[in-house]
Every structure is written in C-alpha cells, then in structure tokens.
Amino acid sequence: MGLSELEEHFLIEVGSRRGAAIAARVQGEEPTSGEIARARMATRALEKRMRDRPLHGDGRTTGRWLETDHLRDRLLGNLEHPRWSEVAERCLACANCTMVCPTCFCTTVEEVPDLSGDSVTRMRRWESCFTWEHSYTAAGPVHPTTQSRYRQWLTHKLASWHDQFGTSGCVGCGRCITWCPVGIDLTEEVAALGNEVPHG
Ligand code: SF4
Ligand code: SF4
C-alpha cells in the first residue's frame with residue numbers, strides 16, 4: 001500500500017491482495033481525479049528532488065543511492081573506520097531514526113507500580129539501540145558511546161540482518177533521513193566507508 005498525504009486526507013494506493021484486504025477495512029471515499037493528480041505531482045516533485053540532490057555537497061547532481069554490492073562485508077570489515085567517530089560527533093543519539101524505521105523492532109519491559117503500592121503493571125514499550133539503557137548489562141552498557149550505538153544500528157540494519165533474517169533490514173523508505181534532526185543520511189555514511197571489502 002502507498003500513502004500520499006494530501007491537504008485534508010491521504011490517498012491510499014493498493015499494490016497487492018493483502019493491501020486490498022487492509023484497505024477494505026478503512027473508511028474512506030473514492031478519490032477525485034484532482035486528488036489523484038495532486039498526489040502524482042507531489043511524487044514527481046519528490047523524485048526530482050532526490051535526483052537533483054548534490055552528493056556530499058560537492059556540487060555534482062548524482063542523486064541519492066545506496067551501493068549494495070558486498071555491503072554486508074564492507075560494513076563488517078570496516079568496524080574501526082574513522083567515519084564512525086565523525087558521524088558520532090553529529091549524532092544526538094535522539095533515537096528518531098529507530099522510532100520511524102518500519103523494520104526496527106526493539107522493545108523493553110518496565111514494571112510500573114500503582115500509587116497505593118498494591119499492584120504492579122508490567123508494560124512493554126518501544127526501545128532504541130541509541131539509548132544508554134538499551135545495551136545495559138550487569139557489567140555496564142555494551143554500547144556506551146554514541147559511536148558504538150550508531151555503528152550497531154547501521155551494521156545491524158544493513159549487514160547482520162542478512163545473517164539473522166536472510167535479507168536487508170532496510171526497505172529504502174528514507175524515513176530515518178527525513179526525521180534526523182541533524183541531517184545524518186545513511187547513504188552518505190555508507191558511501192564514506194568506501195566500496196572496498198577489506199581483506200585479512
Ligand atoms: S531508509 Fe532503511 S534504515 Fe532508514 S527508516 Fe527506511 S528502512 Fe529504516
Ligand atoms: S535521528 Fe539522527 S541524531 Fe537521532 S539517533 Fe538517529 S542518526 Fe542520531
């Protein structure tokens with residue numbers, strides 16, 4: 001299913017039987033031809049913005065793309081690359097990227113007592129690998145620095161997901177880029193690590 005945000009509502013476009021089953025449960029109206037045209041124009045404007053985007057601020061208009069050849073090995077072979085500390089100087093560890101990512105699934109469990117002290121509710125809530133608590137163990141946090149947390153996020157998403165689930169953890173939606181308050185772009189970070197697979 002594809003959602004296009006119009007001024008007053010969303011245009012839903014269905015591309016599969018499962019999508020059609022979900023859409024059938026949503027109350028709505030048939031779109032007008034004007035609404036469909038507005039959604040198309042917005043999509044084309046976005047495509048143009050992506051295409052014309054200068055890459056790495058050097059003035060070339062090469063658009064945004066992610067080189068996926070040998071990506072798993074390139075990332076896992078570059079765990080000590082200086083780029084990780086460079087990106088950590090910008091990253092606020094705010095967790096926005098993980099909250100908007102459609103494939104991030106980490107949660108934590110909390111026990112919340114009521115004010116009388118008579119009962120405790122065990123609650124599961126969203127958690128992020130960017131928080132200090134996320135990797136906390138009896139010996140302390142496994143990822144104590146922003147550098148180690150950003151590296152954990154990117155290498156899990158684009159590299160070790162292949163080992164875990166047999167596919168990439170990134171669907172290419174770009175939400176993490178849109179919602180990053182300091183403009184960190186995973187396609188730039190991957191490109192900065194280079195295209196070589198380190199040996200040895
Ligand atoms: S572009 Fe990839 S990593 Fe970023 S939010 Fe979308 S699926 Fe997640
Ligand atoms: S949204 Fe940006 S600043 Fe926030 S944790 Fe993700 S990469 Fe870091």
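These values consider heavy atoms only, across backbone and side chains, with no hydrogens, waters or symmetry-generated copies. Counting starts at 1 for both ligands and their atoms, following the listed order.
- Closest protein heavy atom to atom 4 (Fe) of ligand 2: Cys94 SG, 2.3 Å.
- Atom 2 (Fe) of ligand 2 does not have Cys91 among its coordinating residues (no N/O/S atom, backbone or side chain, under 2.8 Å).
- More than 12 non-hydrogen atoms from other residues, nucleotides or ligands lie less than 6.0 angstrom from CD of Gln164.
- A heavy-atom separation below 4.0 Å is not found between Val100 and ligand 1.
- Taking backbone and side-chain atoms together, Cys173 has no N/O/S atom less than 2.8 Å away from atom 2 (Fe) of ligand 1.
- Taking every non-hydrogen atom of Asn96 and a distance limit under 4.0 Å, the qualifying atoms of ligand 2 come out as 1 (S).
- Residues Trp153 and Val100 fall into different hydrophobic clusters, defined by Ile, Leu, Val, Met, Phe, Trp and Tyr side chains chained together at heavy-atom separations under 4.5 Å.
- Close approach of ligand 2 to Leu92 (heavy-atom distance below 4.0 Å) involves ligand atoms 3 (S), 8 (Fe).
- Remark: Met123 CE is loosely packed, at most 12 non-hydrogen atoms of other residues, nucleotides or ligands lying under 6.0 Å away.
- Looking only at protein heavy atoms, the nearest one to atom 2 (Fe) of ligand 1 is Cys170 SG, 2.4 Å.
- If you check which protein heavy atom lies closest to atom 7 (S) of ligand 1, you get Val171 N, 3.2 Å.
- If you number the atoms of ligand 1 from 1 as listed, the ones under 4.0 Å from a heavy atom of Lys157 come out as 3 (S).
- Remark: ligand 2 atoms within the under-4.0 Å shell around heavy atoms of Ala95 are 4 (Fe), 5 (S).
- Of the protein's non-hydrogen atoms, Cys101 SG, 2.3 Å is the one closest to atom 8 (Fe) of ligand 1.
- Interface atoms of ligand 1 facing Gly174, defined by a heavy-atom separation under 4.0 Å, are 1 (S), 6 (Fe).
- Within 6.0 Å of CZ on Arg90 lie more than 12 heavy atoms contributed by other residues, nucleotides or ligands.
- Two residues are said to be in side-chain contact when any heavy atoms from C-beta on lie closer than 4.5 Å; His162 and Ser168 meet this criterion.
- Looking at Cys176 against ligand 2, nothing comes within 4.0 Å, counting heavy atoms.
- Between Arg122 and Glu110, none of the side-chain N atoms (NZ, or NE/NH1/NH2) sits under 4.0 Å from a carboxylate O, so this pair counts as no salt bridge.
- In Trp179, neither the side chain nor the backbone holds a heavy atom less than 4.0 Å from any atom of ligand 1.
- Around the CE atom of Met41, the shell of radius 6.0 Å holds no more than 12 heavy atoms that belong to other residues, nucleotides or ligands.
- Close approach to Ala93 involves these atoms of ligand 2, each under 4.0 Å from a residue heavy atom: 5 (S), 8 (Fe).
- No salt bridge links Arg44 with Glu47; every basic N to acidic carboxylate O contact stays at or beyond 4.0 Å.
- In terms of protein heavy-atom proximity, atom 1 (S) of ligand 2 is closest to Cys97 N, 3.4 Å.
- Annotation for ligand 1: atoms under 4.0 Å from non-hydrogen atoms of Trp153 are 3 (S).
- A salt bridge does not link Asp69 to Arg74: none of the charged nitrogens lies less than 4.0 Å from a carboxylate oxygen.
- There is no side-chain donor-acceptor pair under 3.5 Å between Ser128 and Thr131.
- For the 3.5 Å distance criterion, the side chains of His9 and Glu35 qualify, holding a donor opposite an acceptor.
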